[in-house]
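I have placed the structure first, in the form of structure tokens, so that the comments after it can refer back to it.
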Amino acid sequence: MKIIEIEGGRQLKGTIRVSGAKNATVALIPAAILTDEEATICNVPEITDTEALCDILKMLKVQINRSTESIIINPKDMNNIEITEKFSKKLRASYYFMGALLGKYKKAVMYFPGGCSIGARPIDLHLKGFEALGATVRNEKNKYIVEAKELKGANIYLDIASVGATINIMLAAVKAKGTTIIDNAAKEPEIVNVATFLNSMGAKITGAGTSTIKIVGVDYLHQCFHEVIPDRIEAGSYIIMGALCGNPLKIDNVIPEHIDPLLSKLEEMGVNLEIGSDYVIVLGSNKNLKATNIKTAVYPGFPTDLQQPFTVLLTQANGKSKVTETIWENRFMHIPYLKDLGADIEVKSQTATIIGPNPLIGTQVVATDLRAGAAMVAAGLLAEGKTTITNAEHILRGYEQIIEKLTAVGAKINIKEI
Ligand code: UD1
């Protein structure tokens with residue numbers, strides 16, 4: 001197990017550069033097998049989710065050439081074999097191989113994906129989408145066999161604007177015969193980034209970023225060169241850390257419009273920000289923050305992935321704040337640990353009520369999932385004394401070089417294996 005230790009109460013000063021977006025990268029790597037030529041993807045973060053996907057590529061005999069920040073994927077000699085449970089359960093996004101293999105070979109055999117335990121996380125919408133395109137889905141315990149004689153374009157309405165289902169259906173439909181329309185599609189920037197990648201390989205996708213995506217099937221996808229967008233959740237996490245301890249802290253390589261709801265909430269609370277075209281500076285931590293309420297929602301609403309780190313900031317606001325989680329039913333696992341650190345929080349159903357401000361005092365806490373882990377880091381940076389975060393491997397799934405980035409701006413933080 002990995003453990004992160006933080007000596008809190010230090011100011012963070014300097015610049016943190018944001019890496020490529022995890023949630024785009026984890027779809028782009030499986031998407032790259034849709035061509036038979038070389039796909040070069042730049043700004044790929046070195047996180048354990050990327051490594052886990054590369055392990056699946058290696059298992060499928062896909063050639064990969066990884067250098068700092070970029071990856072060249074060449075699937076010309078690949079084998080479409082079963083993706084075993086050991087590989088699929090390492091991360092949620094392994095399910096993108098279902099859409100990509102189905103799109104390329106009309107057959108995918110793999111096990112139910114893994115990922116953070118933040119809710120039931122069903123994949124029924126993905127499977128209904130594949131079926132609408134003409135595939136049959138067989139489910140033997142945890143194993144899924146998805147196959148089709150021919151994939152034909154279809155009109156698909158998603159009951160929920162699911163990020164995963166939208167991307168997976170795009171991957172399956174890109175080489176199908178005819179036109180596919182996805183209605184009530186999710187609009188996250190990562191979906192636009194994946195559509196741009198596929199279009200640069202010769203796909204015909206329009207409407208990504210809106211709730212209606214049109215995919216006109218093509219026969220062949222060719223080589224391409226692509227850049228991953230900056231990670232809006234990593235950016236938001238460091239901006240929140242800046243609001244807690246920054247003096248001043250610049251977060252560079254940000255697309256501010258991707259985190260509009262966070263920036264608006266911070267300004268409403270009284271956090272002093274300078275927002276540039278591709279950076280955000282937290283000018284200093286404000287000791288007189290106003291309480292506020294947030295409710296998570298699909299993009300462009302307040303992102304669920306920033307809910308946990310944002311809760312830490314609310315423990316420092318004056319008065320009563322409320323956090324309502326609408327996407328995941330089990331995303332308050334960070335709350336008991338924030339209470340151990342000294343926060344006053346009560347959870348009823350899907351709403352947490354936070355009374356602040358309360359000083360946080362370092363203690364031993366757990367990173368129960370990726371973003372809960374980021375919340376623990378944020379809390380540990382602020383808390384007086386030493387905070388020890390166990391199960392820290394969750395954090396390394398999504399934050400590239402977090403120890404190095406925070407150390408460079410003045411944090412006293414280290415990671416060790418026990
Ligand atoms: C993605 C992100 C995750 C983020 C989430 C919501 C990746 C790799 N992960 O997860 O960080 O928290 O979007 O912004 O991009 N649902 C169903 N059936 C389905 C699919 C989803 O009921 O077939 C439900 C889920 O249980 C959840 C909601 O739809 O309540 C949203 O899920 P979805 O957008 O699919 O999340 P992910 O793609 O798994």
Side-chain angles (χ1 to χ4, degrees), residues 20-31 45 47-50 52-53 88-100 112-132 137 139 144 146 156-172 182 184-195 211 228-229 231-234 236-237 258-259 261-262 295-310 324-334 350 369-375 394-395 397-399:
K22 163 190 167 290
N23 286 351
T25 303
V26 296
L28 293 166
I29 291 176
I47 49 177
T48 50
D49 268 13
T50 310
L53 289 169
S88 67
K89 76 174 185 201
K90 275 197 189 160
L91 77 167
R92 186 76 190 156
S94 59
Y95 59 29
Y96 289 131
F97 277 103
M98 244 187 227
F112 195 79
C116 291
S117 305
I118 51 180
R121 311 196 82 175
I123 57 167
D124 55 308
L125 299 172
H126 305 229
L127 302 176
K128 271 163 77 179
F130 299 151
E131 284 172 336
V137 177
N139 180 7
Y144 290 85
V146 188
I156 299 167
Y157 177 84
L158 295 179
D159 297 329
I160 302 172
S162 152
V163 175
T166 302
I167 293 180
N168 233 342
I169 295 168
M170 258 177 11
L171 299 179
I182 309 175
N184 196 30
K187 298 186 254 190
E188 273 68 359
E190 293 75 20
I191 295 169
V192 180
N193 200 227
V194 174
S211 56
V228 184
I229 50 168
D231 194 312
R232 63 195 165 97
I233 306 301
E234 188 199 8
S237 304
H258 287 175
I259 45 170
L262 171 71
K295 193 176 189 175
T296 62
V298 294
Y299 190 84
F302 193 97
T304 169
D305 289 354
L306 286 176
Q307 175 264 104
Q308 291 154 302
F310 194 76
T324 305
E325 172 60 53
T326 73
I327 310 286
W328 301 113
E329 60 275 21
N330 196 17
R331 217 171 198 182
F332 282 139
M333 286 191 295
H334 57 306
Q350 287 306 97
D369 57 77
L370 168 59
R371 307 302 170 186
H394 281 299
I395 301 169
R397 288 192 30 231
Y399 291 87

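Remember, it's a predicted structure, so these values are computed and weren't measured experimentally. Just follow the structure's listing: the first ligand is 1, and inside any ligand the first atom is 1.
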Q: Compile the protein residues with any heavy atom at a distance under 4.0 Å from an atom of ligand 1; present them by chain, then by number.
A: N23, V26, R92, Y95, R121, P122, I123, D124, L125, H126, I160, S162, V163, G164, T304, D305, I327, W328, R331
Q) Salt bridge between R232 and E190, side-chain N to carboxylate O under 4.0 Å? A) yes
Q.
Does the plane of the ring in Y299 sit parallel, tilted or perpendicular to the ring in H258? Use 30° and 60° as the thresholds.
A. perpendicular
**Q.** Side-chain donor or acceptor of T296 paired with backbone N/O of T326 under 3.5 Å
**A.** yes
(Q) With a 4.5 Å cut-off on side-chain heavy atoms, are F112 and K89 touching? (A) no
Q: Answer yes or no: is there a side-chain heavy-atom contact under 4.5 Å between R121 and R92?
A: yes
Q: Run the salt-bridge test on R397 and D49 with the 4.0 Å N-O cut-off and return the result as yes or no.
A: yes
